[in-house]
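In what follows, chains are A, B, ... by sequence order, proteins preceding strands, each numbered from 1. As the structure is a prediction and not an experimental result, all values here were calculated from the model.
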Number of protein chains: 2
Amino acid sequence: MAATLDTVFSALADPTRRAILAMLLEDDMAVTDVAEPFEMSLAAISKHLTVLTNAGLISQERRGRVKWCKLEPDALREASVWMQGFGMMEGLDLDAFERFLDAELADPSLLEEKE
Amino acid sequence: MAATLDTVFSALADPTRRAILAMLLEDDMAVTDVAEPFEMSLAAISKHLTVLTNAGLISQERRGRVKWCKLEPDALREASVWMQGFGMMEGLDLDAFERFLDAELADPSLLEEKE
DNA sequence: CGGATTGTCAACCGGTTGGTTGAATATGCG
DNA sequence: CGCATATTCAACCAACCGGTTGACAATCCG
């Protein structure tokens, strides 16, 4: 699917879909389990999941009766890069971010609150 | 204006609006000048500008007849932080990332190459 | 004043979105 | 086989979106 900035951003514009993404951050889930916490029909959730799939933000793999949903965070990269063009991440180039990741992983106390 | 993730992301979901933001990256502009390169009515652009204003992504200040549009890149921060929670933050807590952002913005030299 | 420029408002229109319901389609299990 | 489970499909609906046009308001200028 062509995951354009349009499809990605508009997929992210719905709170239900963002909540679904957050849930999938924890673990892969079946459609029914994704739907469980929401007060809307399963069919509605199914639609949200196809929107997310078309945006490339998740992938769905059928295994037996169950269709598993998996987060595909790479789809956020293009959008993230686009946003970085706008100043608010002044100086926060990806290299710096990688170094931050390394540092954090090596020594999580590095960025502790310093008061 | 309450600039929620909803309003920000849905504002960004339209290519015309993203193009407008990119133009404003260069310089502040009057409404008519913003509209000039687009093949649509001034009224349509005016609507897009109110959407961007409601999302907090731009501000508009009237000076005489002319209304100047100014980019407000800070509005992207919340959305950006939300997005960074996915994928690149594997195994990291968001609080640390936000502290990182603050520190980075306060002192960009913090993460200079250390070789 | 009177005319040109700048921008918004209001009404309208077709297409999309986010939800519903009920039927349909697989698949697994006893 | 026959039933329960898992998920989608199809039709429908109200609401919203992105665009149009024409009228309107405000400001500058000769």
Side-chain angles (χ1 to χ4, degrees), chain A residues 1-24 27-72, chain B residues 1-24 27-72:
Chain A
M1 308 294 160
T4 63
L5 287 177
D6 281 34
T7 59
V8 169
F9 279 131
S10 80
L12 295 179
D14 183 278
T16 302
R17 287 194 290 262
R18 286 198 307 277
I20 291 174
L21 291 178
M23 291 166 57
L24 291 177
D27 213 344
D28 298 358
M29 297 179 77
V31 173
T32 307
D33 296 330
V34 169
E36 197 272 333
F38 296 98
E39 288 182 344
M40 73 181 69
S41 71
L42 185 60
I45 296 294
S46 179
K47 282 192 191 178
H48 280 303
L49 290 173
T50 53
V51 171
L52 289 171
T53 301
N54 288 338
L57 289 164
I58 68 169
S59 59
Q60 293 181 285
E61 183 203 355
R62 175 145 228 142
R63 221 145 54 214
R65 265 189 305 194
V66 172
K67 203 164 185 179
W68 292 91
C69 304
K70 182 177 180 304
L71 192 64
E72 297 289 348
Chain B
M1 310 291 161
T4 63
L5 286 178
D6 280 34
T7 58
V8 170
F9 279 131
S10 81
L12 294 180
D14 184 278
T16 302
R17 287 192 291 262
R18 286 198 308 276
I20 291 173
L21 292 178
M23 292 166 56
L24 291 177
D27 213 344
D28 298 359
M29 296 178 77
V31 174
T32 306
D33 296 329
V34 170
E36 197 271 332
F38 296 98
E39 289 182 344
M40 73 181 69
S41 70
L42 184 61
I45 296 294
S46 180
K47 282 193 192 177
H48 281 303
L49 290 173
T50 52
V51 170
L52 289 171
T53 302
N54 288 337
L57 289 165
I58 69 170
S59 61
Q60 293 181 284
E61 183 202 354
R62 174 146 228 142
R63 224 147 48 217
R65 265 189 303 193
V66 172
K67 204 165 185 179
W68 292 91
C69 304
K70 182 177 179 305
L71 192 63
E72 296 289 349

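One interatomic measurement links the two molecules: CG of A:Asp14 to P of C:dT17, which rounds to 11 Å at whole-angstrom precision. Rounded to a whole Å, the CZ atom of B:Phe38 is 10 Å from the P atom of D:dG19. Taking atom CZ on A:Arg62 and atom P on C:dT25, their separation rounds to 14 Å, with Å as the unit. Following rounding to the nearest Å, A:Trp68 (CH2) and D:dT7 (P) show an atom-to-atom distance of 9 Å. For B:Leu52 and D:dC17, the CG to C1' distance is 14 Å, given to the nearest whole Å. A straight line from CD1 of A:Ile58 to P of D:dT7 spans 12 Å, rounded to a whole angstrom. Between A:His48 atom NE2 and D:dT7 atom C1' the separation is 16 Å, expressed in whole Å. Summarising the geometry, the separation between CD1 on B:Ile45 and P on D:dC17 is reported as 17 Å, rounded to the nearest angstrom.
Side-chain N/O atoms of B:Ser41 include none lying less than 4.0 angstrom from OP1 or OP2 on D:dG19. The phosphate of D:dT8 (OP1 or OP2) has a side-chain N or O of A:Lys67 nearer than 4.0 angstrom. For the pair A:Ser46 and D:dT7, the criterion of a side-chain N or O lying under 4.0 Å from OP1 or OP2 is not met. The phosphate of D:dG18 (OP1 or OP2) has a side-chain N or O of B:Arg17 nearer than 4.0 angstrom.
The side chain of B:Leu42 lies closest to C:dG7, out of C:dG18, C:dG28, C:dG7. When distances are taken from the side chain of B:Lys47 to each of D:dA26, D:dT20, D:dT7, the shortest belongs to D:dT20. Side-chain atoms of A:Val31 lie closest to D:dT7 of the nucleotides D:dA26, C:dG18, D:dT7. Which of D:dG18, C:dT8, D:dA6 sits closest to the side chain of B:Gln60 comes down to C:dT8. Between D:dT7, C:dG28, D:dT20, one nucleotide has an atom nearer to the side chain of B:Met40 than all others, and that is D:dT20.
At least one side-chain heavy atom of B:Cys69 sits under 4.5 Å from a side-chain heavy atom of B:Val31. Here the side chains of B:Thr32 and B:Val66 are not in contact, with every heavy-atom distance at 4.5 Å or above.
Sequence order on DNA chain C of the closest nucleotides to A:Val51 and A:Gly64 puts A:Val51 first from the 5' end. Nearest-nucleotide positions on DNA chain D for A:Arg65 and A:Thr50 put A:Arg65 closer to the 5' end.
In this structure, A:Arg62 contributes its side chain and A:Lys67 its backbone to no donor-acceptor pair below 3.5 Å. Between the side chain of A:Arg18 and the main chain of A:Leu12, a donor-acceptor pair closer than 3.5 Å is present. Side-chain atoms of A:Thr53 come within 3.5 Å of backbone atoms of A:Leu49 as a donor-acceptor pair (strictly under, hydrogens ignored).
The residue B:Ala43 sits close to a base: some heavy atom pair falls under 4.0 Å.
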